[in-house]
Trainee: 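First the structure, then my questions, so here it is.
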Amino acid sequence: MLARRSLSHRKPAFLATFVAVFLSALMVGSFAHLAEIALGDDVPAASQEALLTMGAVIGGWGAVLAIFAVSSTLSVAVRGRETEIGLLRTIGATPRQARRLLRREVLVVAVLAAAAGIALSWPTGALLLHGVRDAGMAADSVEFSFGTIAAGTTFLAVVGLSLLAAGIAGRRVTGGTARSALANSNDSAPRRSRWRTLGGGFLIVYGISAGLITIFVTGDLEDPFAAMSTAGSAGLITAVGVAAFGPSILRALARPLTPLLGVAGVSGHLAALGTRHRSHLLGPVFGAAAVFTATGTSVLMLVGIDSRTFVLPEGMLQSEADSVFFLNNVVTGMIALFCAVVLVNALLAVIADRRAEFGRVRLVGGTPGQVRTAVLIETLLVSTLGAITGLVASLVTVVPFSMVRDEGVVPDGQLWLPAVMALVAIALTVTAGSFAVARAVRPRALEVVAVS
């Protein structure tokens, strides 16, 4: 009963979770169908290899992105309910019961979203196979069929991932006593866990190591795609590692920027305070902007460098090279779309859970215009810092690959691309923020505080 009422009361946060799980099931399911088709009896060997590569490589990337998207979205949604969980525990609910409540809520949303995503993966999988055939990677005789094994595996994996993320997030908000749970509301930033620190540090070291391996090892190999295999994911992995330290980075950078934001008056002062004291909630927004910018910049610059410098080696068919280029374009588009959805989802969930804060600001004299302007400045600041961080992370891919392809530290073309990717990330974030804050501050201040 509590789970049902909570779902109806917190529609924006659960809608964000629904979208993340839906897209995860849609993306992973579409490529899983290709892998199952490849295992058919009448599929030619060349087509089978191409389809299995598409299903395994891109499907694997999709699974990694699904983990990032679902966990970050659920983390924002659960952190916004720390006060509610604390109140439940003061009236007798145990930590186990509170975590069970969260899991049941997520289970309902995940089952519905995964089922919808898998159902839509039928037509999208068919369109994907059509594109693969047009690219010459599969024979025209290969026909699409809905894979029941692929659908079932995807459904169980996505739902299980959602429940795992809900369990981890639930333990964070139920780890202490009931009194500490009430005190640890949205106004206080929790300490970064040891595992988050170790994981983020490992990914940063791994990404930088991949860039160094590109320069000193794979760049000298005869395989023309060896350097691409090590450098291609280095920027993305580094950006994900940096995203783990997002709250700390925001707190560190927001303080020296406070005098600059103060030029905007009351709204700028509120934005500076919000960035520092809500850094734990804005961290996923920062991380999504960084990953979006790093991925788009690094992979598109890599493809541009490769198109200028690639020489077809003896014994390799042009169709094989075209297949690699097609895979790069598909992976880039998929990752960019997914990161954009995570970025918008995280921002909408954060703003929806801050309605009470906006109401209190209005009760002490803040106008709706000041609140909206403060949130937009805050959103602009977080997205800009995230985009700049993503551009720095993309250097781990761009610089090593440019060096091994004899273009030097600075590539010979597409120098406009990093600025465009950063502007797209910032524009996307600010647009979503303006829409969300307009809805959040629309009611009267007393009503906002009362219903939160």
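Since the model is a prediction, treat every value here as computed from it, not as a measurement. Only heavy atoms go into these numbers, but all of them, side chains included; no hydrogens, no water, no symmetry mates.
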Trainee: Does S434 reach the main-chain N or O of T431 with its side chain, forming a donor-acceptor pair under 3.5 Å?
Mentor: yes
Trainee: Got a donor-acceptor contact below 3.5 angstrom from the S383 side chain to the L380 backbone?
Mentor: yes
Trainee: Would you compute the distance between atom CG of L253 and atom OG1 of T389 and round it to the nearest 0.5 angstrom?
Mentor: 7.0 Å
Trainee: Quick check against the 3.5 Å criterion: does T230 have a side-chain atom that pairs as donor or acceptor with the backbone of A227?
Mentor: yes
Trainee: With side-chain contact (heavy atoms from CB on, under 4.5 Å) as the criterion, how do L415 and V410 come out once you've worked through the C-alpha distance, each side chain's angles and the decisive distance to 0.1 Å?
Mentor: CA-CA 9 Å; L415 298 182; V410 180; 4.0 Å; yes
Trainee: Can you see which heavy atom on G207 is nearest to which on I237, and at what distance?
Mentor: N-CG2, 4.1 Å
Trainee: Would you say that V21 contacts V109 through its side chain, given a criterion of any heavy-atom pair below 4.5 Å between the two side chains?
Mentor: no
Trainee: I need the L23 CG to F18 CZ distance, nearest 0.5 Å.
Mentor: 9.5 Å
Trainee: Under 4.5 Å between any side-chain heavy atoms of F22 and L112, yes or no?
Mentor: no
Trainee: Taking all non-hydrogen atoms of both residues into account, name the closest pair between A393 and T238 and its distance.
Mentor: CB-CG2, 4.1 Å
Trainee: Strictly distance-based, threshold 3.5 Å: is any side-chain N or O of T153 a donor or acceptor partner for the main-chain N or O of A150?
Mentor: no
Trainee: Measuring from atom CZ of F245 to atom CG of L250, what distance do you get when rounded to the nearest 0.5 angstrom?
Mentor: 13.5 Å
Trainee: Which pair of heavy atoms, one from G232 and one from L302, lies closest together, and at what distance?
Mentor: CA-CD1, 3.7 Å
Trainee: Would a distance-only check, ignoring hydrogens and angles, find a side-chain to backbone donor-acceptor pair under 3.5 Å from S298 to T295?
Mentor: yes
Trainee: Which heavy atom of L300 sits nearest to which heavy atom of Q414, and what is that distance?
Mentor: O-OE1, 3.5 Å
Trainee: What's the separation between atom CE in M301 and atom CE in M421, rounded to the nearest 0.5 Å?
Mentor: 11.5 Å
Trainee: Quick one: does S402's side chain have a donor or acceptor within less than 3.5 Å of a partner on V398's backbone?
Mentor: no
Trainee: Supply the atom-to-atom distance W416 CH2 to L423 CG, rounded to the nearest 0.5 angstrom.
Mentor: 12.0 Å
Trainee: Between L376 and V430, which heavy-atom pair has the shortest distance, and what is it?
Mentor: CD2-O, 4.0 Å
Trainee: Less than 4.5 Å apart, side chain to side chain, heavy atoms only: is that true for L26 and T124?
Mentor: yes
Trainee: Of all the heavy-atom pairs spanning V404 and I215, show the shortest one and how long it is.
Mentor: CG1-CA, 3.9 Å
Trainee: When you compare the side chains of T379 and T429, does any donor N or O come within less than 3.5 Å of an acceptor on the partner?
Mentor: no
Trainee: Roughly how far apart are I213 CD1 and I208 CD1, rounded to 0.5 Å?
Mentor: 12.0 Å
